[in-house]
**Q** 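Here it is: the structure, laid out below.
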Amino acid sequence: MTSQNSLPVPVTAQPAGALTGTISVPGDKSISHRALIFGSLAAGTTTVKGLLEGEDVLRTAAAMRQLGAQVTRNKDGSWEVTGNGVGALREPDDVLDMGNSGTAARLLMGLVASCPFTTFFAGDASLHKRPMGRVGRPLEEMGALITSRSGGRFPLGVTGRNLMPIDYELPVASAQVKSAILLAALDTPGITRVTEPKPTRDHTENMLRHFGAAVKMSAREDGGRVIEYQGQQELTPADIIVPGDPSSAAFIAVAASILPGSDVTITNVGLNPLRDGIFITLKEMGANIEIMNLREQAGERVGDLRIRASTLQGIEVPPERAPTMIDEFPVLFVAASFAKGKTVMRGLEELRVKESDRLAAMAVGLKACGVTLEELDDGLIIDGNGSAPMGGGRVVTHLDHRIAMSFLILGLAANNPVTVDDGRVMETSFPGFIDLMGSLGAKMAREQAE
Ligand code: S3P
(Lines give C-alpha, C1' and ligand atoms only; values in the text may rest on other atoms or scores of the structure.)
Protein backbone atom coordinates (compact mmCIF):
# COMPACT_ATOMS: atom_id res chain seq x y z
CA MET A 1 0.00 0.00 0.00
CA THR A 2 1.68 3.15 -1.25
CA SER A 3 0.81 5.72 1.39
CA GLN A 4 2.65 3.80 4.10
CA ASN A 5 5.88 2.69 2.52
CA SER A 6 7.41 5.57 0.61
CA LEU A 7 8.58 9.14 1.15
CA PRO A 8 6.10 12.03 1.30
CA VAL A 9 5.09 13.38 -2.10
CA PRO A 10 4.20 17.10 -2.01
CA VAL A 11 1.59 18.20 -4.55
CA THR A 12 0.99 21.75 -5.82
CA ALA A 13 -2.18 23.20 -7.34
CA GLN A 14 -1.74 26.29 -9.54
CA PRO A 15 -4.38 28.89 -10.24
CA ALA A 16 -6.25 27.56 -13.27
CA GLY A 17 -8.89 28.62 -15.76
CA ALA A 18 -12.38 27.18 -16.09
CA LEU A 19 -12.97 23.45 -15.56
CA THR A 20 -15.01 21.78 -18.28
CA GLY A 21 -15.98 18.24 -19.23
CA THR A 22 -17.98 15.17 -18.28
CA ILE A 23 -16.47 12.67 -15.88
CA SER A 24 -17.36 10.10 -13.28
CA VAL A 25 -15.73 9.70 -9.87
CA PRO A 26 -14.52 6.45 -8.22
CA GLY A 27 -16.99 4.25 -6.36
CA ASP A 28 -18.52 5.11 -3.01
CA LYS A 29 -16.17 4.21 -0.16
CA SER A 30 -18.85 3.34 2.40
CA ILE A 31 -20.75 1.13 -0.02
CA SER A 32 -17.55 -0.53 -1.30
CA HIS A 33 -16.48 -1.62 2.20
CA ARG A 34 -19.94 -3.01 2.86
CA ALA A 35 -20.16 -4.80 -0.51
CA LEU A 36 -17.00 -6.75 0.35
CA ILE A 37 -18.13 -7.49 3.90
CA PHE A 38 -21.67 -8.62 3.08
CA GLY A 39 -20.50 -10.50 -0.03
CA SER A 40 -18.12 -12.41 2.27
CA LEU A 41 -20.98 -13.39 4.58
CA ALA A 42 -23.46 -14.61 1.96
CA ALA A 43 -23.14 -18.28 0.98
CA GLY A 44 -22.14 -18.10 -2.70
CA THR A 45 -20.73 -15.52 -5.09
CA THR A 46 -21.57 -11.81 -5.31
CA THR A 47 -20.29 -9.73 -8.24
CA VAL A 48 -19.45 -6.10 -7.47
CA LYS A 49 -19.12 -3.50 -10.23
CA GLY A 50 -17.66 -0.05 -9.68
CA LEU A 51 -15.87 -0.98 -6.44
CA LEU A 52 -13.62 1.80 -5.15
CA GLU A 53 -10.09 0.48 -5.59
CA GLY A 54 -8.67 2.89 -3.02
CA GLU A 55 -6.33 1.82 -0.25
CA ASP A 56 -9.01 1.88 2.46
CA VAL A 57 -11.24 -0.56 0.59
CA LEU A 58 -8.30 -2.75 -0.40
CA ARG A 59 -7.61 -3.11 3.33
CA THR A 60 -11.11 -4.50 3.79
CA ALA A 61 -10.61 -6.84 0.81
CA ALA A 62 -7.37 -8.16 2.33
CA ALA A 63 -9.00 -8.57 5.75
CA MET A 64 -11.96 -10.50 4.35
CA ARG A 65 -9.51 -12.87 2.64
CA GLN A 66 -7.69 -13.32 5.96
CA LEU A 67 -11.07 -14.16 7.51
CA GLY A 68 -11.65 -16.91 4.94
CA ALA A 69 -13.62 -15.34 2.07
CA GLN A 70 -12.53 -15.45 -1.56
CA VAL A 71 -12.15 -11.95 -2.95
CA THR A 72 -10.84 -11.56 -6.49
CA ARG A 73 -10.66 -8.88 -9.18
CA ASN A 74 -11.78 -9.86 -12.67
CA LYS A 75 -10.02 -8.66 -15.82
CA ASP A 76 -12.96 -6.36 -16.63
CA GLY A 77 -12.52 -4.51 -13.32
CA SER A 78 -15.47 -6.13 -11.55
CA TRP A 79 -14.88 -8.02 -8.30
CA GLU A 80 -16.11 -11.42 -7.14
CA VAL A 81 -16.68 -12.16 -3.48
CA THR A 82 -17.51 -15.67 -2.30
CA GLY A 83 -18.56 -16.35 1.25
CA ASN A 84 -19.57 -19.40 3.26
CA GLY A 85 -22.56 -17.97 5.13
CA VAL A 86 -23.15 -16.00 8.33
CA GLY A 87 -21.07 -17.43 11.19
CA ALA A 88 -18.55 -19.17 8.93
CA LEU A 89 -15.49 -16.90 9.14
CA ARG A 90 -12.14 -18.40 10.11
CA GLU A 91 -9.45 -17.22 12.48
CA PRO A 92 -6.93 -14.95 10.73
CA ASP A 93 -3.32 -16.06 11.15
CA ASP A 94 -1.97 -12.52 11.24
CA VAL A 95 -2.91 -9.03 12.42
CA LEU A 96 -5.58 -7.26 10.31
CA ASP A 97 -3.85 -4.07 9.13
CA MET A 98 -6.53 -1.42 8.65
CA GLY A 99 -4.10 1.25 7.39
CA ASN A 100 -5.81 4.66 7.50
CA SER A 101 -9.37 3.34 7.44
CA GLY A 102 -11.66 4.04 10.39
CA THR A 103 -14.57 2.45 8.54
CA ALA A 104 -12.73 -0.84 7.91
CA ALA A 105 -11.51 -0.84 11.51
CA ARG A 106 -14.84 -0.22 13.19
CA LEU A 107 -17.02 -2.36 10.94
CA LEU A 108 -14.69 -5.33 11.16
CA MET A 109 -14.41 -5.06 14.95
CA GLY A 110 -18.18 -5.54 15.02
CA LEU A 111 -18.06 -8.37 12.51
CA VAL A 112 -15.55 -10.49 14.44
CA ALA A 113 -17.16 -9.86 17.85
CA SER A 114 -19.37 -12.93 17.39
CA CYS A 115 -16.60 -15.17 15.98
CA PRO A 116 -15.13 -17.80 18.32
CA PHE A 117 -11.51 -16.60 18.10
CA THR A 118 -9.34 -13.56 18.75
CA THR A 119 -8.67 -11.06 15.97
CA PHE A 120 -5.85 -8.53 16.28
CA PHE A 121 -6.13 -5.12 14.64
CA ALA A 122 -3.59 -2.40 13.84
CA GLY A 123 -3.39 0.62 11.54
CA ASP A 124 -1.36 3.70 10.69
CA ALA A 125 -0.42 6.59 13.01
CA SER A 126 -3.69 8.43 12.25
CA LEU A 127 -5.87 5.40 13.03
CA HIS A 128 -3.97 4.70 16.27
CA LYS A 129 -5.09 8.12 17.57
CA ARG A 130 -8.79 7.63 16.83
CA PRO A 131 -11.38 6.67 19.48
CA MET A 132 -12.40 3.02 19.31
CA GLY A 133 -14.09 2.82 22.71
CA ARG A 134 -17.29 4.01 21.01
CA VAL A 135 -17.35 0.62 19.24
CA GLY A 136 -15.70 -1.43 21.98
CA ARG A 137 -18.24 -0.44 24.66
CA PRO A 138 -21.41 -1.75 22.95
CA LEU A 139 -19.55 -4.85 21.76
CA GLU A 140 -18.46 -5.56 25.34
CA GLU A 141 -22.05 -5.03 26.45
CA MET A 142 -23.00 -7.76 23.98
CA GLY A 143 -20.37 -10.05 25.52
CA ALA A 144 -17.20 -9.65 23.41
CA LEU A 145 -13.83 -9.06 25.03
CA ILE A 146 -11.74 -6.11 23.82
CA THR A 147 -8.07 -5.82 24.85
CA SER A 148 -6.64 -2.47 23.92
CA ARG A 149 -4.30 0.37 24.79
CA SER A 150 -5.72 2.92 27.23
CA GLY A 151 -8.74 4.76 25.88
CA GLY A 152 -9.71 1.75 23.79
CA ARG A 153 -7.35 2.70 20.98
CA PHE A 154 -5.58 0.65 18.31
CA PRO A 155 -3.75 -1.69 18.26
CA LEU A 156 -6.30 -3.96 19.93
CA GLY A 157 -7.66 -7.48 20.02
CA VAL A 158 -11.29 -8.58 19.82
CA THR A 159 -12.13 -11.97 21.32
CA GLY A 160 -15.44 -13.13 19.93
CA ARG A 161 -18.06 -14.90 22.03
CA ASN A 162 -21.65 -16.07 21.80
CA LEU A 163 -23.19 -12.61 22.05
CA MET A 164 -26.42 -11.36 23.56
CA PRO A 165 -28.61 -8.84 21.75
CA ILE A 166 -28.65 -5.30 23.17
CA ASP A 167 -30.86 -2.26 23.03
CA TYR A 168 -28.40 0.56 22.44
CA GLU A 169 -28.78 4.30 22.00
CA LEU A 170 -25.86 5.81 20.10
CA PRO A 171 -24.13 8.53 22.16
CA VAL A 172 -22.61 10.00 18.96
CA ALA A 173 -24.14 10.20 15.49
CA SER A 174 -21.99 7.51 13.87
CA ALA A 175 -22.86 5.15 11.05
CA GLN A 176 -19.70 3.22 11.82
CA VAL A 177 -20.78 2.47 15.38
CA LYS A 178 -24.32 1.62 14.25
CA SER A 179 -22.92 -0.70 11.57
CA ALA A 180 -20.49 -2.37 13.97
CA ILE A 181 -23.39 -3.27 16.27
CA LEU A 182 -25.52 -4.53 13.35
CA LEU A 183 -22.61 -6.65 12.10
CA ALA A 184 -22.19 -8.12 15.60
CA ALA A 185 -25.94 -8.81 15.61
CA LEU A 186 -25.84 -10.86 12.40
CA ASP A 187 -24.92 -14.09 14.20
CA THR A 188 -26.52 -13.21 17.55
CA PRO A 189 -29.84 -14.84 18.43
CA GLY A 190 -32.70 -12.47 19.30
CA ILE A 191 -33.43 -8.87 18.34
CA THR A 192 -30.70 -6.24 18.53
CA ARG A 193 -32.02 -2.69 18.63
CA VAL A 194 -29.99 0.46 17.80
CA THR A 195 -31.46 3.91 18.32
CA GLU A 196 -29.86 6.87 16.61
CA PRO A 197 -30.91 10.32 17.84
CA LYS A 198 -29.84 11.77 14.48
CA PRO A 199 -30.11 9.56 11.37
CA THR A 200 -26.77 8.63 9.81
CA ARG A 201 -25.97 7.02 6.46
CA ASP A 202 -28.02 3.84 6.08
CA HIS A 203 -25.92 1.84 3.60
CA THR A 204 -25.63 -1.08 6.03
CA GLU A 205 -29.40 -1.32 6.40
CA ASN A 206 -29.91 -0.95 2.63
CA MET A 207 -27.37 -3.61 1.85
CA LEU A 208 -28.77 -6.08 4.39
CA ARG A 209 -32.10 -5.74 2.60
CA HIS A 210 -30.39 -6.10 -0.77
CA PHE A 211 -28.98 -9.43 0.49
CA GLY A 212 -32.48 -10.58 1.43
CA ALA A 213 -32.46 -9.94 5.21
CA ALA A 214 -35.33 -8.23 7.04
CA VAL A 215 -34.34 -5.00 8.82
CA LYS A 216 -36.94 -2.95 10.65
CA MET A 217 -36.45 0.80 10.63
CA SER A 218 -38.82 3.19 12.34
CA ALA A 219 -38.74 6.96 12.59
CA ARG A 220 -39.16 8.60 16.00
CA GLU A 221 -41.14 11.78 16.45
CA ASP A 222 -38.02 13.70 17.51
CA GLY A 223 -36.33 12.89 14.17
CA GLY A 224 -34.34 9.90 15.48
CA ARG A 225 -34.52 6.37 14.13
CA VAL A 226 -34.73 2.88 15.58
CA ILE A 227 -33.20 -0.06 13.70
CA GLU A 228 -34.07 -3.62 14.72
CA TYR A 229 -32.37 -6.77 13.48
CA GLN A 230 -33.34 -10.35 14.21
CA GLY A 231 -30.05 -12.26 14.27
CA GLN A 232 -29.07 -15.43 12.42
CA GLN A 233 -30.86 -14.68 9.16
CA GLU A 234 -29.12 -16.07 6.10
CA LEU A 235 -27.81 -13.64 3.49
CA THR A 236 -28.28 -14.41 -0.20
CA PRO A 237 -25.60 -13.30 -2.69
CA ALA A 238 -26.80 -10.24 -4.62
CA ASP A 239 -24.84 -8.39 -7.29
CA ILE A 240 -23.97 -4.78 -6.56
CA ILE A 241 -23.26 -1.74 -8.71
CA VAL A 242 -21.44 0.83 -6.58
CA PRO A 243 -22.38 4.44 -7.44
CA GLY A 244 -19.79 7.22 -7.61
CA ASP A 245 -18.87 8.61 -4.21
CA PRO A 246 -20.73 11.87 -3.39
CA SER A 247 -17.88 12.71 -1.01
CA SER A 248 -15.44 12.60 -3.94
CA ALA A 249 -17.88 14.42 -6.26
CA ALA A 250 -18.04 17.21 -3.66
CA PHE A 251 -14.44 18.28 -4.38
CA ILE A 252 -15.25 18.72 -8.05
CA ALA A 253 -18.58 20.41 -7.33
CA VAL A 254 -16.80 23.03 -5.20
CA ALA A 255 -13.99 23.48 -7.74
CA ALA A 256 -16.47 24.00 -10.59
CA SER A 257 -18.51 26.43 -8.47
CA ILE A 258 -15.59 28.70 -7.57
CA LEU A 259 -13.63 28.67 -10.87
CA PRO A 260 -15.27 31.25 -13.16
CA GLY A 261 -16.63 29.89 -16.45
CA SER A 262 -16.64 26.23 -15.32
CA ASP A 263 -19.23 23.75 -16.57
CA VAL A 264 -18.73 20.16 -15.37
CA THR A 265 -21.02 17.13 -15.42
CA ILE A 266 -20.39 14.25 -13.02
CA THR A 267 -22.31 11.12 -13.99
CA ASN A 268 -23.52 8.34 -11.72
CA VAL A 269 -23.17 9.99 -8.30
CA GLY A 270 -24.68 8.34 -5.22
CA LEU A 271 -27.36 10.68 -3.83
CA ASN A 272 -28.59 8.78 -0.79
CA PRO A 273 -30.68 11.36 1.15
CA LEU A 274 -28.42 10.78 4.18
CA ARG A 275 -25.36 11.76 2.11
CA ASP A 276 -26.48 14.70 -0.03
CA GLY A 277 -26.23 17.53 2.52
CA ILE A 278 -23.25 19.10 0.72
CA PHE A 279 -25.20 19.63 -2.50
CA ILE A 280 -28.18 21.09 -0.63
CA THR A 281 -25.85 23.43 1.26
CA LEU A 282 -23.91 24.56 -1.81
CA LYS A 283 -27.21 25.30 -3.55
CA GLU A 284 -28.33 27.38 -0.55
CA MET A 285 -25.08 29.33 -0.95
CA GLY A 286 -26.00 30.06 -4.57
CA ALA A 287 -24.21 27.24 -6.37
CA ASN A 288 -25.61 26.26 -9.75
CA ILE A 289 -26.03 22.48 -9.37
CA GLU A 290 -28.53 20.63 -11.49
CA ILE A 291 -29.47 17.06 -10.58
CA MET A 292 -30.46 14.97 -13.60
CA ASN A 293 -31.45 11.42 -14.30
CA LEU A 294 -32.38 10.45 -10.72
CA ARG A 295 -32.73 6.67 -10.49
CA GLU A 296 -32.41 3.75 -8.07
CA GLN A 297 -29.57 1.22 -8.24
CA ALA A 298 -29.07 -1.71 -5.81
CA GLY A 299 -31.15 0.02 -3.15
CA GLU A 300 -29.37 3.39 -3.48
CA ARG A 301 -30.46 6.68 -5.12
CA VAL A 302 -28.16 7.75 -7.96
CA GLY A 303 -28.09 10.74 -10.35
CA ASP A 304 -25.93 12.95 -12.59
CA LEU A 305 -24.79 16.40 -11.47
CA ARG A 306 -24.14 19.41 -13.71
CA ILE A 307 -22.26 22.20 -11.95
CA ARG A 308 -21.70 25.64 -13.41
CA ALA A 309 -19.64 28.39 -11.80
CA SER A 310 -21.51 30.93 -9.74
CA THR A 311 -21.01 33.47 -6.98
CA LEU A 312 -21.51 32.09 -3.49
CA GLN A 313 -23.04 33.74 -0.41
CA GLY A 314 -22.26 32.95 3.21
CA ILE A 315 -25.04 31.13 5.08
CA GLU A 316 -25.70 29.46 8.42
CA VAL A 317 -25.56 25.69 7.90
CA PRO A 318 -28.17 23.95 10.11
CA PRO A 319 -26.19 21.87 12.65
CA GLU A 320 -28.71 19.02 12.39
CA ARG A 321 -27.66 18.56 8.76
CA ALA A 322 -24.09 17.68 9.78
CA PRO A 323 -24.44 13.85 9.71
CA THR A 324 -25.56 14.00 6.05
CA MET A 325 -22.36 15.77 4.99
CA ILE A 326 -19.89 15.01 7.77
CA ASP A 327 -16.98 14.22 5.42
CA GLU A 328 -17.64 17.22 3.18
CA PHE A 329 -17.00 20.03 5.67
CA PRO A 330 -13.30 20.46 4.77
CA VAL A 331 -14.22 21.25 1.16
CA LEU A 332 -17.24 23.30 2.26
CA PHE A 333 -14.80 25.42 4.29
CA VAL A 334 -13.00 26.05 1.00
CA ALA A 335 -16.25 27.06 -0.73
CA ALA A 336 -17.04 29.37 2.22
CA SER A 337 -13.63 31.04 1.79
CA PHE A 338 -14.76 32.25 -1.67
CA ALA A 339 -18.29 33.26 -0.60
CA LYS A 340 -19.40 36.76 0.30
CA GLY A 341 -20.20 37.12 3.99
CA LYS A 342 -20.08 34.83 6.98
CA THR A 343 -20.66 31.08 6.74
CA VAL A 344 -21.42 29.63 10.15
CA MET A 345 -20.81 25.89 10.54
CA ARG A 346 -21.40 24.39 13.98
CA GLY A 347 -22.27 21.07 15.61
CA LEU A 348 -19.07 19.62 14.16
CA GLU A 349 -17.25 18.22 17.20
CA GLU A 350 -16.95 14.87 15.36
CA LEU A 351 -14.58 16.53 12.88
CA ARG A 352 -11.97 16.60 15.64
CA VAL A 353 -11.73 12.77 15.64
CA LYS A 354 -11.62 12.02 11.90
CA GLU A 355 -8.42 11.01 10.06
CA SER A 356 -7.06 14.23 11.63
CA ASP A 357 -8.54 17.01 13.77
CA ARG A 358 -10.16 18.52 10.69
CA LEU A 359 -11.28 21.74 12.38
CA ALA A 360 -7.75 22.51 13.55
CA ALA A 361 -6.01 21.35 10.36
CA MET A 362 -8.33 23.35 8.12
CA ALA A 363 -8.24 26.45 10.32
CA VAL A 364 -4.42 26.55 10.31
CA GLY A 365 -4.17 25.93 6.54
CA LEU A 366 -6.91 28.41 5.61
CA LYS A 367 -5.37 31.14 7.75
CA ALA A 368 -2.02 30.52 6.04
CA CYS A 369 -3.87 31.08 2.73
CA GLY A 370 -5.24 34.44 3.90
CA VAL A 371 -8.77 33.37 4.90
CA THR A 372 -10.46 35.19 7.79
CA LEU A 373 -12.06 32.77 10.21
CA GLU A 374 -12.89 31.97 13.79
CA GLU A 375 -12.29 28.47 15.14
CA LEU A 376 -14.87 27.31 17.70
CA ASP A 377 -14.89 24.12 19.77
CA ASP A 378 -17.55 22.69 17.48
CA GLY A 379 -17.08 24.44 14.16
CA LEU A 380 -15.74 27.31 12.07
CA ILE A 381 -17.11 30.70 11.12
CA ILE A 382 -15.55 31.78 7.84
CA ASP A 383 -15.79 35.40 6.77
CA GLY A 384 -15.37 35.64 3.02
CA ASN A 385 -15.25 38.85 0.98
CA GLY A 386 -16.58 37.27 -2.19
CA SER A 387 -13.24 37.10 -3.96
CA ALA A 388 -10.40 34.62 -4.20
CA PRO A 389 -8.18 34.31 -1.10
CA MET A 390 -4.47 34.97 -1.37
CA GLY A 391 -3.49 31.26 -1.32
CA GLY A 392 0.22 30.49 -1.14
CA GLY A 393 1.66 28.51 1.72
CA ARG A 394 2.44 24.90 2.31
CA VAL A 395 -0.24 22.95 4.13
CA VAL A 396 0.26 19.99 6.49
CA THR A 397 -2.15 17.16 5.64
CA HIS A 398 -1.73 15.03 8.82
CA LEU A 399 -2.31 11.74 6.91
CA ASP A 400 -5.77 13.03 5.97
CA HIS A 401 -6.92 12.59 2.36
CA ARG A 402 -9.72 15.16 2.64
CA ILE A 403 -7.40 17.86 3.98
CA ALA A 404 -5.05 17.23 1.03
CA MET A 405 -7.77 17.39 -1.63
CA SER A 406 -9.53 20.41 -0.07
CA PHE A 407 -6.38 22.54 -0.16
CA LEU A 408 -5.57 21.48 -3.72
CA ILE A 409 -9.04 22.70 -4.75
CA LEU A 410 -8.35 25.97 -2.95
CA GLY A 411 -5.04 26.29 -4.83
CA LEU A 412 -6.82 26.08 -8.21
CA ALA A 413 -8.90 29.16 -7.53
CA ALA A 414 -6.72 31.22 -5.14
CA ASN A 415 -4.40 34.03 -6.26
CA ASN A 416 -1.25 31.96 -5.60
CA PRO A 417 -0.42 28.23 -5.79
CA VAL A 418 -1.03 26.00 -2.76
CA THR A 419 1.20 23.04 -1.87
CA VAL A 420 0.18 20.14 0.35
CA ASP A 421 3.07 18.39 2.09
CA ASP A 422 2.01 14.86 1.16
CA GLY A 423 -0.47 13.77 -1.51
CA ARG A 424 -0.02 9.99 -1.15
CA VAL A 425 -2.87 9.68 1.31
CA MET A 426 -5.37 10.73 -1.41
CA GLU A 427 -5.04 7.13 -2.65
CA THR A 428 -7.13 5.99 0.33
CA SER A 429 -10.38 7.33 -1.13
CA PHE A 430 -9.76 8.96 -4.51
CA PRO A 431 -7.18 7.15 -6.64
CA GLY A 432 -6.45 9.17 -9.79
CA PHE A 433 -7.58 12.50 -8.29
CA ILE A 434 -4.75 14.54 -9.85
CA ASP A 435 -5.22 13.05 -13.33
CA LEU A 436 -9.00 13.36 -13.23
CA MET A 437 -8.75 17.01 -12.20
CA GLY A 438 -6.18 17.50 -14.98
CA SER A 439 -8.63 16.09 -17.53
CA LEU A 440 -11.03 18.92 -16.59
CA GLY A 441 -8.32 21.56 -17.06
CA ALA A 442 -6.93 21.81 -13.52
CA LYS A 443 -3.23 22.37 -12.92
CA MET A 444 -1.98 20.02 -10.21
CA ALA A 445 1.42 18.35 -10.09
CA ARG A 446 3.47 16.16 -7.81
CA GLU A 447 6.85 17.56 -6.79
CA GLN A 448 9.64 15.68 -8.55
CA ALA A 449 12.04 13.79 -6.26
CA GLU A 450 15.55 15.30 -6.35
C1 S3P B 1 -18.72 6.14 7.42
C2 S3P B 1 -19.26 6.89 8.44
C3 S3P B 1 -18.76 8.20 8.86
C4 S3P B 1 -17.85 8.83 7.81
C5 S3P B 1 -16.86 7.83 7.27
C6 S3P B 1 -17.58 6.66 6.62
C7 S3P B 1 -19.28 4.83 7.09
O8 S3P B 1 -18.01 8.06 10.06
O9 S3P B 1 -17.16 9.93 8.35
O10 S3P B 1 -16.01 8.43 6.30
O11 S3P B 1 -18.97 4.29 6.02
O12 S3P B 1 -20.05 4.31 7.91
P13 S3P B 1 -18.69 8.11 11.50
O14 S3P B 1 -19.51 6.91 11.68
O15 S3P B 1 -17.53 8.14 12.46
O16 S3P B 1 -19.48 9.38 11.52
Side-chain angles (χ1 to χ4, degrees), residues 26-38 51-52 54-57 59-60 98-111 123 126-127 129-138 152-154 168 170-184 194 196-208 225 227 242-243 245-251 270 272 274-278 300 319-332 347-359 378 399-403 405-406 425-426 428-430:
D28 187 277
K29 182 154 72 72
S30 294
I31 297 176
S32 295
H33 284 295
R34 288 160 173 84
L36 294 172
I37 294 172
F38 286 110
L51 187 88
L52 169 63
E55 283 181 14
D56 278 12
V57 174
R59 296 282 178 188
T60 293
M98 305 284 85
N100 190 254
S101 178
T103 308
R106 295 191 175 119
L107 267 53
L108 294 183
M109 281 174 67
L111 178 64
S126 151
L127 193 56
K129 285 190 206 144
R130 297 184 67 183
M132 293 295 159
R134 54 177 60 191
V135 176
R137 279 186 292 276
R153 287 170 214 271
F154 264 33
Y168 194 77
L170 296 180
V172 282
S174 167
Q176 293 176 354
V177 179
K178 169 177 66 174
S179 301
I181 298 169
L182 290 172
L183 283 161
V194 186
E196 41 180 11
K198 288 183 194 158
T200 64
R201 63 190 71 192
D202 56 1
H203 305 302
T204 297
E205 298 91 308
N206 293 344
M207 206 171 285
L208 276 166
R225 277 193 185 184
I227 299 109
V242 182
D245 197 325
S247 301
S248 297
F251 294 106
N272 180 310
L274 291 166
R275 295 285 301 282
D276 65 356
I278 182 66
E300 293 286 347
E320 62 276 11
R321 191 182 290 160
T324 70
M325 52 180 295
I326 196 68
D327 292 336
E328 286 68 75
F329 279 98
V331 79
L332 181 65
L348 307 180
E349 39 289 272
E350 273 296 297
L351 291 197
R352 296 210 180 268
V353 291
K354 294 292 179 189
E355 283 82 333
S356 69
D357 176 342
R358 287 181 172 163
L359 291 179
D378 70 336
L399 285 176
D400 190 330
H401 52 136
R402 300 204 196 279
I403 302 295
M405 290 185 277
S406 297
V425 75
M426 299 189 292
T428 60
S429 70
F430 202 150

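All heavy atoms count here, side chains included; hydrogens, waters and symmetry mates do not. All values reported here derive from a predicted model rather than from experimental measurement. Order of listing sets the numbers, starting from 1, for every ligand and every atom in it.
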**Q** Any nitrogen or oxygen of Ala175, main chain or side chain, under 3.5 Å from a nitrogen or oxygen of ligand 1?
**A** yes

**Q** Under 4.0 Å, heavy-atom basis, I'd like to know which part of Lys354 is in contact with ligand 1: side chain, backbone, both or neither.
**A**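 For Lys354, the contact with ligand 1 is made by the side chain alone.
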
**Q** Roughly how far apart are Lys178 NZ and Arg201 CZ, rounded to 0.5 Å?
**A**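 Result: 9.5 Å between the selected atoms.
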
**Q** With heavy atoms of Asp327 as the reference, note each atom of ligand 1 found under 4.0 Å away.
**A**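 This gives 4 (C), 5 (C), 9 (O), 10 (O) as the contact atoms.
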
**Q** Mind listing the closest non-hydrogen atom pair of His401 and Glu355 along with its distance?
**A** NE2-OE2, 3.0 Å

**Q** Identify, by atom number and element, the atoms of ligand 1 in contact range of Ile326, meaning under 4.0 Å from any of its heavy atoms.
**A** 9 (O)

**Q** Can you tell me which residue and heavy atom of the protein come closest to atom 11 (O) of ligand 1, and the distance to 0.1 Å?
**A** Ser30 OG, 2.7 Å

**Q** Are Lys29 and Asp327 ion-paired here, with the side-chain N under 4.0 Å from a carboxylate O?
**A**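 Here Lys29 does not pair with Asp327 in a salt bridge, since their nearest N and O are not under 4.0 Å apart.
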
**Q** With no hydrogens and no angle check, do the side chains of Asn100 and Glu55 hold a donor and an acceptor under 3.5 Å apart?
**A** no

**Q** Salt bridge or not between Asp400 and Arg358? Use side-chain N to carboxylate O under 4.0 Å.
**A** yes

**Q** Which of the numbered atoms in ligand 1 are below 4.0 angstrom from a heavy atom of Ser174?
**A** 13 (P), 14 (O), 15 (O), 16 (O)

**Q** Please state which part of Lys178 comes within less than 4.0 Å of ligand 1, counting heavy atoms only: side chain, backbone, both or neither.
**A** neither

**Q** For His33, which part has a heavy atom under 4.0 Å from ligand 1: side chain, backbone, both, or neither?
**A**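 Contact part for His33 vs ligand 1: neither.
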
**Q** Considering only non-hydrogen protein atoms, determine which one is nearest to atom 6 (C) of ligand 1 and report residue, atom name and distance to 0.1 Å.
**A** Thr103 OG1, 3.4 Å

**Q** Is the closest basic N to carboxylate O distance between Glu300 and Arg275 below 4.0 Å?
**A** no

**Q** Work out whether the distance between some heavy atom of Arg34 and some atom of ligand 1 is less than 4.0 Å.
**A** yes

**Q** Based purely on interatomic distance, does Arg402 place a nitrogen or oxygen under 3.5 Å from a nitrogen or oxygen of ligand 1?
**A**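 N/O-N/O distance below 3.5 Å does not exist for this pair.
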
**Q** Any sub-3.5 Å donor-acceptor pair from Arg130's side-chain atoms to Val353's backbone N or O?
**A**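 Here the side-chain-to-backbone pair exists.
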
**Q** Measuring from atom CG of Asp202 to atom OG1 of Thr200, what distance do you get when rounded to the nearest 0.5 angstrom?
**A** 7.5 Å

**Q** Would you check the N or O atoms of Gln176, main chain and side chain alike, for any that come under 3.5 Å of an N or O of ligand 1?
**A**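 Yes; the residue has a nitrogen or oxygen that sits under 3.5 Å from a nitrogen or oxygen of the ligand.
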
